[in-house]
Amino acid sequence: MRATRAPGSVASAREAAFTVLYRAEAARAFVSVLLFHTLERSDLGANDRALATAITLGVLRHRKRLDHALQSVLTRPLEDLPTAIRTVLRMGAYQILEMDRVPAPAATSEAVALARRHGHAGTARLVNAVLRRLAAQGPPAPLDPARDPIGHAAVTLSHPRWLLERWVGAWGLEEAAALAAANLQPAPSVLRANTLKIGRDDLLEALAARGLRASPGLLPEAIRVEGPLTGRLSLIDQGLCVVQDEAAMLVAHALAPAEGSTVIDACAAPGGKTTHLAALMANTGRLIACDVHPAKLRALAERAARMGAECVEAHHMDAREIGGRWPGRADAVLVDAPCSGLGTIRRRPELKWRGAPDFDRHAREQRALLDGVAGAVRAGGVLVYSVCSLESEEGPAVVRAFLADHPAFEPAGWPPGFPSMLNGRPLTALGPGELQLWPHRHDTDGFYIARLRRR
């Protein structure tokens, strides 16, 4: 009997990459989730999965430079083409310009085949002509950096102009370029050992036994891993570890909950920081995990159970109501607020291409969350605010406004044992109890963390 593929599965690495890239642009979906599920539904082998991943993430990381190159050999605006054909052209251009092991004729032939499947004979001819011309001519010269330094950086570092203009205005061209260059590199794959079930050394041995290259990370629970995702899935499913960047781990260390204390995680789903807090509390005391989304809260409760975080209580609650629900009851409160996520571009390069976020709206929501939880913090208690963003509107400006409106709170010092350096570089202090983590300095996601105390 002839084998049949599952519904929605893909037949080749390039078809998988096309499926993910097309849906990411047409439906603004998250690429990491799309890529995982697309590959899981396929029958592709390890090499084809690696190729699909490389093309998908490569196109998203280098899209501005690819578009600049394609436009140089097009007679009409690239943006006027259908999304499917634009996606096919970007995939072909990436393979021709960036992937030495893929011959240009093979990349062109595969792109033409995709164009036939997702377009028509005319678009297939267009793709063939454009990619052949690009292979013959090579990429065009970038813009003159002397005449237009930001435009030059936007193309060579593949970031949208609006974002580079923000960063240059905030930190200068050199710092902005260093950050953009770091965003073009793959982020490290980091696991947090669940110390409620296993020590880091034992987890390192378990990873090595599965053929993965693993080494201690920047924090005591962190492990940096290289190798196929499938090799670590069973350990994650057993609750022995969780995928988590070291900047996110540092948030729980900033809160530093004491054993036996009452702690509130106000925006808890999907539970990475919640289960880390439970481990730091040695599963004692009371850890109240709140979220406004029922489905995400169920997933959090399942993760807590799988990881043995027995002190966690899951509550369906808007964080803005927490102060009224538990007035003065919490020794420590964490607000890891929803934000633009622009500190995570290394992991989610699609964020660069979705236009400028509404920073003012984000800031209003973030201030409302802090206002809502403030009443739950007891006298002498700690409030930690964090966002995976580098933008001042979502970080320092939110905390300044909160302190102005809540004179009972003040910046707090960092807890004993809190690191002063990561990756050999000092943490960037923005003020008392405030720090910023940077991809290009600390090799972590970009994060802002503030630690406050009720007087």
Step-by-step side-chain contact (heavy atoms from CB on, under 4.5 Å) determination, V190 to Q244: CA-CA 6 Å; V190 187; Q244 191 172 39; over 6 Å; no

Separation between CE of M249 and CG of L422, rounded to the nearest 0.5 Å: 10.5 Å

Judged by modelled atom types alone, do R192 and T275 share a side-chain donor-acceptor pair under 3.5 Å? yes

Is the shortest side-chain heavy-atom distance between D148 and R161 below 4.5 Å? yes

Mind checking whether F30 and R348 have side chains closer than 4.5 Å, heavy atoms only? yes

Rounded to the nearest 0.5 Å, what separates atom OG1 in T38 from atom CZ in R23? 6.5 Å

side-chain contact (heavy atoms from CB on, under 4.5 Å), that's the test. Do L452 and Y385 meet it? Break it down for me. CA-CA 8 Å; L452 312 174; Y385 171 76; 5.8 Å; no

Looking only at atom types and distance, does a side-chain atom of R451 sit under 3.5 Å from a main-chain N or O of G413, one as donor and one as acceptor? yes

Hey, can you tell me if H276 and H253 have their rings parallel, tilted or perpendicular (30° and 60° cut-offs)? perpendicular

Mutual orientation of the aromatic rings belonging to H406 and F402 [parallel < 30°, tilted 30-60°, perpendicular > 60°]: parallel

Rounded to the nearest 0.5 Å, what separates atom CG in L126 from atom NE2 in H120? 9.0 Å

Within the side chain of R49, is there an N or O that forms a donor-acceptor pair under 3.5 Å with the backbone of L39? yes

Main-chain N/O of A206 paired to R210 side chain as donor or acceptor, under 3.5 Å: yes

Classify the side-chain pair S340/E391 by whether it contains a donor and acceptor separated by less than 3.5 Å. no

Does this structure show an ion pair linking E350 with R61, if we count only N-O contacts that are shorter than 4.0 Å? no

With a 3.5 Å cut-off and no angle check, do the side chains of H442 and Q436 form a donor-acceptor pair? no

Does the cation-pi check pass for R41 over F36, that is, NZ or CZ under 6.0 Å from the six-membered ring centre and within 45° of its axis? no

R347/D245 ion pair, N-O < 4.0 Å: yes

Between S158 and K352, which heavy-atom pair has the shortest distance, and what is it? O-NZ, 2.7 Å

Rounding to 0.5 Å, atoms NZ (K273) and CG (D265) come to a distance of 8.0 Å

In plain terms, say whether E221 and R200 are close enough for a salt bridge, that is, a side-chain N and a carboxylate O under 4.0 Å apart. no

Presence of salt bridge, R90 and E79, under 4.0 angstrom: yes

What do the steps show when you test H152 against D144 for side chain to side chain donor-acceptor pair (under 3.5 Å), and what is the final call? CA-CA 6 Å; H152 171 84; D144 183 357; over 6 Å; no

Would a 4.5 Å heavy-atom cut-off, applied to side chains only, mark V73 and Q137 as touching? yes

Checking side-chain contact (heavy atoms from CB on, under 4.5 Å) for the pair R166/F359: CA distance, chi angles, key distance, verdict? CA-CA 12 Å; R166 280 182 61 87; F359 293 111; 3.5 Å; yes

Pair R454 + E410, salt bridge at N-O below 4.0 Å: no

Taking the side chain as C-beta and beyond, is there a heavy-atom pair between S42 and V10 under 4.5 Å? yes

Check against side-chain contact (heavy atoms from CB on, under 4.5 Å), V263 and L334: CA-CA 8 Å; V263 177; L334 170 62; 5.9 Å; no

Heavy atoms, side chains only, cut-off 4.5 Å: are L300 and D291 in contact? no

Between R86 and L81 (side chain of the first, backbone of the second, donor and acceptor by atom type, cut-off under 3.5 Å), is there such a pair? yes

Is it the case that the ring center of W167 lies less than 6.0 angstrom away from the ring center of W162? no

Looking at R132, I'd like to know if its CZ atom is crowded, meaning that more than 12 non-hydrogen atoms belonging to other residues, nucleotides or ligands lie closer than 6.0 Å. no

Is any side-chain heavy atom of R117 less than 4.5 Å from a side-chain heavy atom of E15? yes

Close side-chain approach of I345 to L342, heavy-atom, < 4.5 Å: yes

For the residue pair R232 / S189, report whether a side-chain donor-acceptor contact shorter than 3.5 Å exists. yes

Does the side chain of H68 come within less than 4.5 Å of P140's, by heavy atoms? yes

Looking just at side-chain N and O atoms, do E434 and Y448 make a donor-acceptor pair shorter than 3.5 Å? yes

In terms of heavy-atom contacts, I449 and W414 come closest through O-CH2, 3.9 Å

Will you find, in the side chains of D445 and T344, an N or O donor that is under 3.5 Å from an N or O acceptor? no

When you compare the side chains of H440 and E175, does any donor N or O come within less than 3.5 Å of an acceptor on the partner? yes

